[in-house]
Each structure stands twice: as structure tokens, then as C-alpha cells.
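Step one of this worksheet: look at the structure below.
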2 protein chains.
Amino acid sequence: MFRALADETRRAILDELAARDDQTLFELCSRLAMHRGITSTRQAISQHLAVLEEAGLVVTRREGRCKFLTFDRQPLDEIQRRWPPPKETDP
Amino acid sequence: MFRALADETRRAILDELAARDDQTLFELCSRLAMHRGITSTRQAISQHLAVLEEAGLVVTRREGRCKFLTFDRQPLDEIQRRWPPPKETDP
DNA sequence: ACAATAGGCAAGCGTCTGCTTGCATGTCAA
DNA sequence: TTGACATGCAAGCAGACGCTTGCCTATTGT
């Protein structure tokens, strides 16, 4: 999951899905091109989505020939759980 | 910074510094070996620390020939700021 | 001064990653 | 059915990454 966040394009994908959930791959590709000038191929985006999905950050819903993508923030909680703010030991 | 978190050894370094701040490089190396079985060279750890320091996750304090390391959690806040929990739009 | 200690610099190497290209699969509309 | 559309699979390649090795600098103790 940390590895999934390590790539700027993947973070941009999450940004885009955070702004508008339930996009298809084509929608996402064109929005990435419009808003962020990401000119990668559809396959490249698809591979990024596979990484994000494996990390649990993106959830997919199949509907006919379309695949709808949703951003799931839950895996991010691990970060706060792993390195919580330091305990104040001065009362 | 996201890239800095992408490596398991670097995350282990943060864990170790979270448990005990103000370690030197040698201290850190032996603790990593003890607690986590990380057998990498001192140079390898040093390179990891350079990445973590550039990401702002580790702050160093020079004192004589020793370099003391401290974990700074502040950069992690960007994650919550970038992808905050979705607004509840149903009152 | 001299040796030991704590750390730094840089080159080299195997592996992983992100991307492209080309083709295959499955679905909808006429 | 046939063609257009949305997506999947896989090989290949250039560059990045993590690690080791070898040598260098600076500080401390005797």
C-alpha cells in the first residue's frame, strides 16, 4: 500500500477519484489528461489501477463492459495507527 | 516523501525511531539487527536515512563525531490533508 | 602523534518499475 | 451477425532503486 502511494501518477488518480467517484477507465484517462496533463496510455493507467486495487485503495464495480472505480480511504488509516502522534508525558 | 515510505526497511527505521528517539547511526543499525533481523550494511542504512531526511521524516543533530536521529511525524499530516475523510452531505 | 571510532562519498551491479506496443476478450447496438 | 467500444493480457525495454565494496574525512582517547 505504501508502495502504491509512491508514484505521482497513482496519487493523481486518487485525487481525481476523490473529486469524483464512480468513474470508468476512459473517463479517468481523459480527466487525467485534461486536469493534470498526464498523457500516459490507457494501459499504463490500467496497470496503476491494478496496483491501487491490490493495495485496497481503489474498489471496482463491474457493470457490463464498463468498470467503475471508487476511492477507498480506509487503508490510509494504517498510517495514523502505525505512527500515532507522540504521547504527551507532561501533565 | 511518499517514496520514502515505500520501502519496508525505511518504515522499520521509522518504527525504531518512534520507539526511541535520538539514536546514532550505529545504535540504529544494531537495534534494526536485533529487533527486526535487518542485516544490511551501515552504508545501506545511511542511504535510507538520507532519503528519510530529504523527505523531512527524520531530523538530524550533529554532536562531535556522532549524528543523532529523530523521527518527525509532521510530513505525515499531508496525507490527511490531501485525502480527508469524505464530507457527510446528509444532515 | 597515532590508532580507534563514527560517519561520508562514489562507483558498480542485479533487480524492480513504469511505460509502450500488439493482440485478445467480452459486451452492446444496428 | 457484425462491427464498434471498453477493457484485459503479456512481452520487451529504459531508467530508477537498493545494496555492496572500497576508500576518505573528522573527532576522540591514550
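This is a predicted model, so every value here is computed, not measured. Each chain gets a letter, A, B and so on, in the order its sequence line appears, and its residues count up from 1.
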Run the side-chain contact (heavy atoms from CB on, under 4.5 Å) test against B/Thr9 and tell me which residues pass, sequence neighbours left out. B/Asp7, B/Ile38, B/Ile45, B/His48
In numerical order, the residues of residues 8-31 of chain B whose heavy atoms come under 4.0 Å of DNA chain D are B/Thr9, B/Arg10
Looking at B/Arg73 and A/Pro84, would you say the former's side chain and the latter's main chain have a donor-acceptor pair under 3.5 Å? yes
In one Ile/Leu/Val/Met/Phe/Trp/Tyr side-chain cluster, 4.5 Å: A/Leu32, A/Val51: no
side-chain contact (heavy atoms from CB on, under 4.5 Å) involving B/Ala50 - partner list, sequence neighbours excluded: none
Between which nucleotides of DNA chain C, 5' to 3', does chain A make heavy-atom contacts below 4.0 Å? C/dT17 to C/dC28
For A/Arg65, check side chain to side chain donor-acceptor pair (under 3.5 Å) against everything at least two apart and list the hits. none
DNA chain D-proximal residues of residues 38-49 of chain B, any heavy atom under 4.0 Å: B/Ser40, B/Thr41, B/Gln43, B/Ala44, B/Gln47, B/His48
Donor-acceptor contacts, no H, no angles, side chain residues 56-64 of chain B, under 3.5 Å, sequence neighbours left out:
residue : atom : partner : partner atom : Å
B/Thr60 : OG1  : B/Glu53 : OE2          : 3.1
B/Arg61 : NH1  : B/Glu63 : OE1          : 2.4
B/Arg61 : NH2  : B/Asp22 : OD1          : 3.1
B/Arg61 : NH2  : B/Asp22 : OD2          : 2.4
B/Arg62 : NE   : B/Cys66 : O            : 3.4

Partners passing salt bridge (Lys or Arg N to Asp or Glu O under 4.0 Å) against A/Arg31 (at least two apart in sequence or in another chain): none
For B/Asp72, all residues meeting side chain to side chain donor-acceptor pair (under 3.5 Å), sequence neighbours excluded: none
Is it the case that the side chain of B/Arg3 and the backbone of A/Ala6 share a donor-acceptor pair, with hydrogens and angles ignored and the cut-off at 3.5 Å? no
Just jot down the side chain to side chain donor-acceptor pair (under 3.5 Å) partners of A/Asp15, sequence neighbours excluded, or say none. B/Arg82, B/Trp83
With a 4.0 Å cut-off (strictly under) to non-hydrogen atoms of chain B, the first and last hit nts on DNA chain D, 5' to 3', are D/dC17 to D/dT28
Backbone of A/Glu27 reached by a side-chain donor or acceptor of A/Thr24 within 3.5 Å: yes
For B/Glu8, enumerate each residue passing the side chain to side chain donor-acceptor pair (under 3.5 Å) test, keeping only those at least two apart in sequence or located in another chain. B/Arg11
